[in-house]
Each structure stands twice: as C-alpha cells, then as structure tokens.
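These figures come from a predicted structure and were not determined experimentally.
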Amino acid sequence: MQKTFIGILLVILGVVLFALNNSSVVSINFWKWGIESNLSLVIIIAVTFGAITSFILSLPYRAKKNHEIKNRDKSIKQLENQVRQLENKIKYAIDKKSNEQKVPN
C-alpha cells in the first residue's frame, strides 16, 4: 500500500515537473472547437482525465474481485468451522475410548 502510494506520488511529481518545464502556448482543435492554452495545463488535464478514466473503467473489475474475496472468506470460515467440529468429534471419541478402557469389565 505504501509502495503504491509513493509510486503514485513520484509519477504525479514527474508529470508536474514535466508540465512546468513545457510551458509554451499550444493550440488545441477538436471538431469545430478550438482553444489556445498553456502546454503544462493541457498535460496536467490530460493526465488527470486519463487517471479518472482508468479508475472508472477498473471499477467493475474491482467489484468482481471484492465479491470473490468475500465469497472466499465466507468459505474459509465455513471450512474452519467444519475443522473445529471434526476436531471436537475426534476429542470426544478419544475421551470416550479412554474412559471405556479405564472401566474394568
């Protein structure tokens, strides 16, 4: 978690430094719409839009993985309960067997 956070911060720092070093004015044309803006602002907006888009597109995958994790946790708990029950049955059988051997016929 911390390595990921540090990696993200380093990428953001790199993008900001790159954007600040490229501060010339550029012309952006999109269909009939056109604008002239600072290149650093364009870079930061493009990176931000890309990050938001990738986050939104990863949501279904994350939801599926979280659902799988919850299902696995549930099955692990059920299996642990079965193990406890079997251990208790074994202890009970051993105790019963040892008590039978102690009682003389």
Side-chain angles (χ1 to χ4, degrees):
M1 178 78 174
Q2 287 180 339
K3 290 181 181 178
T4 304
F5 182 70
I6 291 171
I8 290 171
L9 285 179
L10 289 175
V11 169
I12 290 172
L13 179 65
V15 168
V16 169
L17 289 175
F18 180 78
L20 291 175
N21 285 323
N22 293 292
S23 59
S24 60
V25 176
V26 292
S27 171
I28 300 171
N29 297 312
F30 187 71
W31 285 325
K32 296 180 181 179
W33 179 70
I35 189 172
E36 286 192 11
S37 179
N38 193 344
L39 179 60
S40 60
L41 181 63
V42 172
I43 292 171
I44 290 173
I45 289 172
V47 169
T48 303
F49 181 74
I52 291 170
T53 302
S54 66
F55 175 77
I56 290 171
L57 291 176
S58 72
L59 287 177
Y61 174 78
R62 289 175 167 207
K64 180 181 176 186
K65 287 299 175 185
N66 285 339
H67 182 68
E68 288 176 2
I69 289 169
K70 286 179 184 178
N71 285 341
R72 287 182 184 157
D73 287 344
K74 187 177 178 181
S75 2
I76 288 171
K77 287 180 183 178
Q78 289 174 346
L79 292 171
E80 286 173 345
N81 286 335
Q82 286 178 355
V83 167
R84 279 191 220 104
Q85 289 173 353
L86 291 172
E87 286 173 344
N88 288 336
K89 285 182 181 180
I90 291 171
K91 286 179 187 177
Y92 176 75
I94 290 172
D95 289 343
K96 187 177 179 183
K97 183 76 170 176
S98 65
N99 285 339
E100 287 175 0
Q101 290 176 352
K102 288 181 184 176
V103 177
N105 288 336

**Asked** Would F30 end up clustered with V47 when hydrophobic side chains under 4.5 Å apart are linked, directly or stepwise?
**Response** yes

**Connected via hydrophobic side-chain network under 4.5 Å: L17 and I44** = no

**Item:** Partners meeting side-chain contact (heavy atoms from CB on, under 4.5 Å) with E36 (sequence neighbours left out)
**Value:** V25, S27

**Prompt:** Between L41 and S37, what is the shortest heavy-atom contact and its length?
**Reply:** CD2-OG, 3.5 Å

**Message:** Check for me, please, whether V42 and W31 land in the same ILVMFWY cluster - side-chain distances under 4.5 Å, paths through other members count.
**Reply:** yes

**Request:** Decide yes or no on side-chain contact (heavy atoms from CB on, under 4.5 Å) for K70 and H67, but give the supporting numbers first.
**Result:** CA-CA 5 Å; K70 286 179 184 178; H67 182 68; 5.6 Å; no

**Request:** Give the cluster check for I45 versus V26: same hydrophobic cluster or not, with ILVMFWY residues linked at side-chain heavy-atom distances below 4.5 Å.
**Result:** no

**Complete:** NZ of K65 to CD of E68, rounded to nearest 0.5 Å, is 4.5 Å

**Complete:** Interatomic distance, CG@L57 vs CD1@I52, rounded to 0.5 Å, equals 12.0 Å

**Item:** V15 with I8, same ILVMFWY side-chain cluster at under 4.5 Å
**Value:** no

Using a 3.5 Å cut-off and no angle test, enumerate the donor-acceptor pairs between side-chain atoms of residues 83-96 and protein atoms at least two apart in sequence or in another chain.
{"unit_1": "R84", "atom_1": "NH1", "unit_2": "N81", "atom_2": "OD1", "d": "2.6"}
{"unit_1": "N88", "atom_1": "ND2", "unit_2": "R84", "atom_2": "O", "d": "3.3"}

**Message:** Measuring from atom CD1 of I76 to atom NZ of K74, what distance do you get when rounded to the nearest 0.5 angstrom?
**Reply:** 13.5 Å

**Request:** Please report the shortest heavy-atom distance between A51 and S54, naming the atom on each side.
**Result:** O-OG, 2.9 Å

